[in-house]
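Every value quoted in this text rests on a predicted model; they were computed, and no experiment measured them. Atoms considered below: every heavy atom in the structure, side chains included; atoms not considered: hydrogens, waters and symmetry mates. Just so we're on the same page: letters track the sequence lines, and every chain starts at 1.
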There are 2 protein chains.
Amino acid sequence: MKRITLKDIAKKVGVSQMTVSRVLNNRPDVNPQTRDRIQEIVSEMGYVPNTNARALKGAKTNRIGIVVSDIRNPFYSELVGDLEDIAGEYGLSVIVTDTNKRLETEVSAIRVMELNSVDYMILAPEGYKTEHLDLLYEKGFEFLSFGVHFEDKNYPEVYTDDYEGGKSVGSYFAELGVKKPLLIMGNPRKLNTIDRESGFLAGFEESGGDTSGVNIEHLSVNVELSEQYFLEKKEHITFDSVFCYNDLMAMGAISAFRKMGIQPGKDIPLIGYDDVFYAKVMGLTTVRIPIKEMIRKSVEIINEGKNEKVQFKTQLIIRETA
Amino acid sequence: MKRITLKDIAKKVGVSQMTVSRVLNNRPDVNPQTRDRIQEIVSEMGYVPNTNARALKGAKTNRIGIVVSDIRNPFYSELVGDLEDIAGEYGLSVIVTDTNKRLETEVSAIRVMELNSVDYMILAPEGYKTEHLDLLYEKGFEFLSFGVHFEDKNYPEVYTDDYEGGKSVGSYFAELGVKKPLLIMGNPRKLNTIDRESGFLAGFEESGGDTSGVNIEHLSVNVELSEQYFLEKKEHITFDSVFCYNDLMAMGAISAFRKMGIQPGKDIPLIGYDDVFYAKVMGLTTVRIPIKEMIRKSVEIINEGKNEKVQFKTQLIIRETA
DNA sequence: CTGAAAGCGCTAACAA
DNA sequence: TTGTTAGCGCTTTCAG
């Protein structure tokens, strides 16, 4: 499988490699006729530049990496899908790595990115440790933190206001007249958890709810664990409404409820978070995170080399489950 | 951001680059003491080999590419997730590309793989055109076709027996005593469609069903289209059971049924295909494709440079919807 | 067991 | 406007 190289083109056209290189890189200083001839041969021979050689010279690889915690979570697969679409518009390739929700692998995921010399990384980190981000920053890697906000760090970020997101659910529950909401949250050290939770409490109280009736449970973010939690509570249900950390955990609740003969929405209001595609399919009330817009902004930041922190707004989407 | 190179290590240890290279590539012909010293310095300095330089020399990049038609489809995101996990065990990086279900982009996806000089590609093709596979084959690329079987082509494949899969559903429906099954299938030129469909008919007939009662509809593979189809039929339901091309389309049916007040399983048996994770969450009866085993086999084929066609068996998983 | 030299494909810097 | 030279980091080949 011999690939066509610059040299092959140069020989065929009868010019130097350099002239071909100039044409390929759209440099202005080439005779228009030579340019045309070269372009013709290039497409005729189906030349594809060797990114490795380019990278070796220190040029851009046009590869961007994304590190997500679990590609199987539709939130992330939608994220990756959107990134693929938008990066494609800019002629960028995407390299994906999954950390399986573990921090150690987050470090090795970053190593994969280094191995493949991506120009830029998008990190959707687990959210409460920043050592590896700091390390990356010190090493001079270009990256952007997606979905989590660290006030005191000065790397670029694209994230949502989780406090407001939680608040919208708290208020809505209070307006519904709910007395004993159960919050199924994630790791209590995650900033996302903290924000959604405290936002909820603030919103609930502000709209007239009594926060002493609120119960909070912290689980690993996982459909099965969430389902199991509810199944175990079967006999002693002490809540009259449920707010889950994300749609995945809400799906666990739906699954358990179906087995328990509880109809979400009719019997017990249930709200998730993220607004993944399946939330719509299942009629799940949830808090929408505008992924596509956020990714578009991210690629823009990457492309223009900006260093900004951009916050997006969430939106409560009311469907059948609440 | 200066990266540590072989030269840096060599200088520090006081040997030639070559010796360091030998150690890094686990060559036997190095003095054990020298080896130890080098390994120590390597990890001390946090050396990461430059894959680009390696690739330039024609060595392996340890990158494998996967081209899927829609990363947002949980079938594919699970596929990618499993591939990441298993490839990771082998020290391989994964490059993902999404074709948005269009063939043109399937060609450009392959170009991305070429650009990134992957050692091997896994193609989960759209399934009825083979030109680009043939092209790839002629060009000498190493790849494997995942999920689709072309009898007369001689590239490696890992696929399932869709005819048998469809048959198991046909038989089951016949045993259920169903009279007018509706099949919501995909593009009628896709081999997967053809096999699932003809398998169904064969199974239905074999188990005593009357195939003249069977209705077949071909739609683009898409949740919304499927949902819409059922919503439009609201007033004139002419079927007493439904078999969908995949779980995604079955979810569209579930969504529509919920709005129509139909309970799948109770009122109308509904069966999907793939057994994506959410099928379990939703209690959907479906045909299981053993993705993880198939991916493991694929990586094995890749790793050992085999050229075989391996067929996996599907399994009907009975849950609440049928 | 170890090293020196050459070259993979490309582009930056300089020369013509 | 075009060409020449050098070198990115690595590994292969051939000599020690």
For dT1(D), take OP1 and OP2 only and decide whether either is under 4.0 Å from a side-chain N or O of T34(A). no

Closer than 4.0 Å, any side-chain N/O of T19(A) to the OP1 or OP2 of dG3(D)? yes

Find the distance [X]:[atom1] to [N]:[atom2] and express it as a whole number of Å.
X	N	atom1	atom2	value
N31(B)	dG3(C)	CG	C1'	15 Å
I38(B)	dG3(C)	CD1	C1'	12 Å
R35(B)	dT2(C)	CZ	C1'	13 Å
L56(B)	dC8(D)	CG	P	13 Å
L115(A)	dG9(D)	CG	P	15 Å
Q33(A)	dT2(D)	CD	C1'	14 Å
D8(A)	dG9(C)	CG	P	8 Å
K11(B)	dG3(C)	NZ	P	15 Å

Go through the structure and list residues passing side chain to side chain contact (heavy atoms under 4.5 Å, CB included) with T51(A), not counting sequence neighbours. T61(A), R63(A), L115(B)

Let me check something: any side-chain donor-acceptor pairs from residues 10-18 of chain A under 3.5 Å, sequence neighbours excluded? List them with distances.
unit_1 : atom_1 : unit_2 : atom_2 : d
S16(A) : OG     : M18(A) : N      : 3.3
S16(A) : OG     : T19(A) : N      : 3.4
S16(A) : OG     : T19(A) : OG1    : 3.3

List the residues meeting ring-ring contact (aromatic ring centres under 6.0 Å, His included) with Y137(A), not counting sequence neighbours, and say none if there are none. Y155(A)

Residues which pass side-chain hydrogen bond (donor to acceptor under 3.5 Å, both in side chains) with D274(B), listed by chain and number, not counting sequence neighbours: none

Along nucleotides 10-16 of chain C, 5' to 3', which nucleotides get a B, which get an S, and which get a -, given that the test is a protein heavy-atom distance under 4.0 Å? BBBB---

Give a yes or no on whether a salt bridge exists between R72(B) and D85(A), defined as a side-chain N under 4.0 angstrom from a carboxylate O. yes

Identify every side-chain donor-acceptor pair in residues 298-305 of chain B under 3.5 Å, counting partners at least two apart or on other chains, and give the distances.
unit_1  : atom_1 : unit_2  : atom_2 : d
S298(B) : OG     : M294(B) : O      : 2.8
E300(B) : OE2    : K297(B) : NZ     : 3.3
E300(B) : OE2    : K306(B) : NZ     : 3.0
E304(B) : OE1    : K306(B) : NZ     : 3.1

